[in-house]
Amino acid sequence: MPEREAAPAPIRRAAVVGATGWGVTLAILLARNGVSVTLLARSDDEAARLRSDGSHARLPDVAFPPGLGLSADLAVLEDADLICFVVPAQTMAENAAAVASHVPPATPLLSGSKGIETESGRRMTEVLASLLPGRPLAALSGPNLSREIAPGLPGATVIASADPSLEAIRAAFHSASFRVYTSGDVVGVEFGGALKNIIAIAAGMADAFGFGDNAKAALITRGLAEISRLGVAAGADPLTFQGLAGVGDLMATSYSPLSRNRRLGELVGGGSGLGDALATIGETVEGVTTTPAALRLAARLGVELPIAGALQAILDGKISPQEAMTALLGRDPMAELA
């Protein structure tokens, strides 16, 4: 009989690049599971402030658990069994390049960022592969709002990878309150996590207009069709968009008052300019940069994205949200599954 492939070694030490709200949440999840994890801050001052506060400003009621360290020293990456990158999508390349010399050649890398590089259309694992070649890659995505997950409210996510280390990564995050599923469809999981932000902005605008739940449900459903079309054209499994990284994440982001993308849509739909809306939120809103990236990629792949196109016209100030909605409703009828 053929020998069984040895199980991957458990993850005992990890590092998280990016002291964002979601980066801190992933570090907290790992520490609670007994993993010795270091959150890599941007500077010694930021690390010292976080250490002194014992919590993150975006999650003030969630204390850092034992086993979560804070540092700005890149050398902490050299002993890690897993390195998580949780930074804004448009800075992924910059961050990966900055730490490259300290990343061991066989250490698995996990992207927890949900976005697409604006100019290139690259997914986050593609960015990591270009700057840190040869390492095992994985992507984590799902309906995961940090202000619910970090305090320990129940949730679920999916981690996708084509590498055998996937099971060890899953085990590092899985817990009684945070259920982790696995997938081999990295493309689909990443596109689901990135593209849902576009639709969530549009959903927030629908809320601002008071269009009601029927209209919002229709918008989200047709948005899922756009996500699926583009994802499949890029090589994703269509079934992925029926799962946690697809419809699950889309629902949470489009309906939750904790969603930055939905909130931005509400603000713009209520009359705020894009700059003022972003300033009010005060955090990265990935859908703003993902929308033009998705439209460029769709043009290359010959895919139509009417909702994304209308949203971009609004964000560019070319049409009002009301005019965009009128145009979408006035499109020629068609078969639903065409």
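Residue numbers start at 1 and run along the sequence shown.
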* Asked: How far does CD1 of I83 sit from OG of S111, to the nearest 0.5 angstrom?
  -> 13.0 Å
* Asked: Between R331 and E304, is a salt bridge (charged side-chain N to carboxylate O under 4.0 Å, His left out) present by the stated rule, with each step listed?
  -> CA-CA 13 Å; R331 284 167 50 83; E304 188 179 20; 3.3 Å; yes
* Between E226 and R222, does at least one N-O distance fall below 4.0 Å, as a salt bridge requires? -> no
* Asked: Looking only at heavy atoms, which two atoms of I198 and A294 are closest? And how far apart?
  -> CD1-CB, 3.8 Å
* Asked: Between atom CD1 of I220 and atom CG of L250, what is the distance when rounded to the nearest 0.5 Å?
  -> 6.0 Å
* **Polar side-chain atom of S43 near backbone of E46 as donor-acceptor pair, under 3.5 Å** => yes
* T107 backbone acceptor or donor facing D81 side chain under 3.5 Å -> no
What donor-acceptor contacts under 3.5 angstrom involve side-chain atoms of residues 161-172, with partners at least two apart or in another chain?
| unit_1 | atom_1 | unit_2 | atom_2 | d |
| --- | --- | --- | --- | --- |
| S161 | OG | L137 | O | 2.7 |
| S161 | OG | D163 | N | 3.0 |
| D163 | OD2 | S165 | N | 2.9 |
| D163 | OD2 | S165 | OG | 2.8 |
| E167 | OE1 | R170 | NE | 3.2 |
| E167 | OE2 | R170 | NE | 3.0 |
| E167 | OE2 | R170 | NH2 | 2.7 |

* **Check: R12 and S36 side chains under 4.5 Å, non-hydrogen atoms** => no
* Do V62 and H56 have side chains that get closer than 4.5 Å, going by heavy atoms? -> no
* Transitively linked via ILVMFWY side-chain contacts under 4.5 Å: F178 with I11? -> yes
* Asked: Hey, any chance V158 and V86 share a hydrophobic cluster, counting ILVMFWY side chains that come within less than 4.5 Å of each other, even indirectly?
  -> no
* Beyond-backbone contact of K196 with I199, side-chain heavy atoms, under 4.5 angstrom -> no
* To do: May I ask you to say whether D79 pairs ionically with R13, meaning some side-chain N is under 4.0 Å from a carboxylate O?
  => no
* Asked: Does any N or O in the side chain of R296 come within less than 3.5 Å of the main-chain N or O of T118, such that one atom is a donor and the other an acceptor?
  -> yes
* Do you reckon L39 sits in the same ILVMFWY cluster as L82, going by side-chain contacts under 4.5 Å, direct or chained? -> yes
* Taking all atoms of both residues into account, what is the closest heavy-atom pair of T25 and S146, and its distance? -> OG1-CB, 3.2 Å
* Evaluate the side-chain proximity of S141 to E190: yes if any heavy-atom separation is below 4.5 Å, no if none is. => no
* Asked: Hey, quick one: are I116 and V285 part of the same hydrophobic cluster, counting side-chain heavy atoms closer than 4.5 Å, chains of contacts allowed?
  -> yes
* Interatomic spacing from CG in L311 to CG in L305 - rounded to 0.5 Å -> 11.0 Å
* Asked: Between V17 and L77, is any pair of side-chain heavy atoms under 4.5 Å apart?
  -> yes
* Could you tell me which non-hydrogen atom of G115 sits nearest to which non-hydrogen atom of M124, and how far apart they are? => O-CE, 3.7 Å
* Got R123 and F191 here, is their nearest side-chain heavy-atom distance under 4.5 Å? -> yes
* Residue of the set I281, D276, L274 for which side chain to side chain contact (heavy atoms under 4.5 Å, CB included) holds with L278 -> L274
* Is the side chain of E266 donor-acceptor paired with the backbone N or O of D207 at a distance under 3.5 Å, no angle test? -> no
* To do: Using modelled atom types only, decide if a donor and an acceptor are shared between the side chain of S254 and the backbone of M251 within a distance under 3.5 Å.
  => no
* Exercise: identify the closest heavy-atom pair between I159 and L110 -> CG2-CD1, 4.1 Å
* Take T290 and N197 through the side chain to side chain donor-acceptor pair (under 3.5 Å) test and state the conclusion after the steps. => CA-CA 8 Å; T290 300; N197 288 325; 5.0 Å; no
* Asked: Quick one: CD on Q312 to CG on D316, what's the gap to the nearest 0.5 Å?
  -> 4.5 Å
* To do: Assess whether side-chain contact (heavy atoms from CB on, under 4.5 Å) is satisfied between F173 and V35, documenting all intermediate values.
  => CA-CA 9 Å; F173 286 99; V35 177; over 6 Å; no
* With no hydrogens and no angle check, is any side-chain donor or acceptor of R135 less than 3.5 Å from a backbone partner on V103? -> yes
* To do: Considering non-hydrogen atoms only, spot the tightest contact between N33 and S175 and give its length.
  => OD1-CB, 3.7 Å
* **Hydrophobic cluster identity match, L230 and I201, side-chain contacts under 4.5 Å** => yes
* Asked: Is there a donor-acceptor pair closer than 3.5 Å between any side-chain N or O of T91 and the backbone N or O of P88?
  -> yes
* What's the spacing between T157 OG1 and Y181 OH if we round to 0.5 Å? -> 11.0 Å
* Asked: What's the verdict on side-chain contact (heavy atoms from CB on, under 4.5 Å) for T253 and R262, showing C-alpha distance, side-chain angles and the deciding distance?
  -> CA-CA 7 Å; T253 311; R262 174 186 173 275; 5.7 Å; no
* Run the side-chain contact (heavy atoms from CB on, under 4.5 Å) check on I149 and W22 step by step: do they pass? -> CA-CA 9 Å; I149 299 298; W22 186 230; 4.3 Å; yes
* To do: Go through L29 and L26 one step at a time and tell me if the side-chain contact (heavy atoms from CB on, under 4.5 Å) criterion holds.
  => CA-CA 5 Å; L29 291 174; L26 292 185; 4.2 Å; yes
* Asked: Hey, does F211 have a side-chain heavy atom less than 4.5 Å from the side chain of K216?
  -> no
* Spacing of CG belonging to N95 relative to CD belonging to Q90, to within rounding of 0.5 Å -> 12.0 Å
* **Chi angles and distances behind the side chain to side chain donor-acceptor pair (under 3.5 Å) call for S130, R122** => CA-CA 10 Å; S130 70; R122 293 187 299 180; 3.0 Å; yes
* Are P143 and L244 side-chain neighbours, meaning at least one heavy-atom pair lies under 4.5 Å? -> yes
* Could you tell me whether a side-chain N or O of S183 sits under 3.5 Å from a main-chain N or O of A160, the two making a donor and an acceptor? => no
* To do: Compare every heavy atom of D185 with every heavy atom of A236, then report the nearest pair and how far apart it is.
  => CA-OD1, 3.8 Å
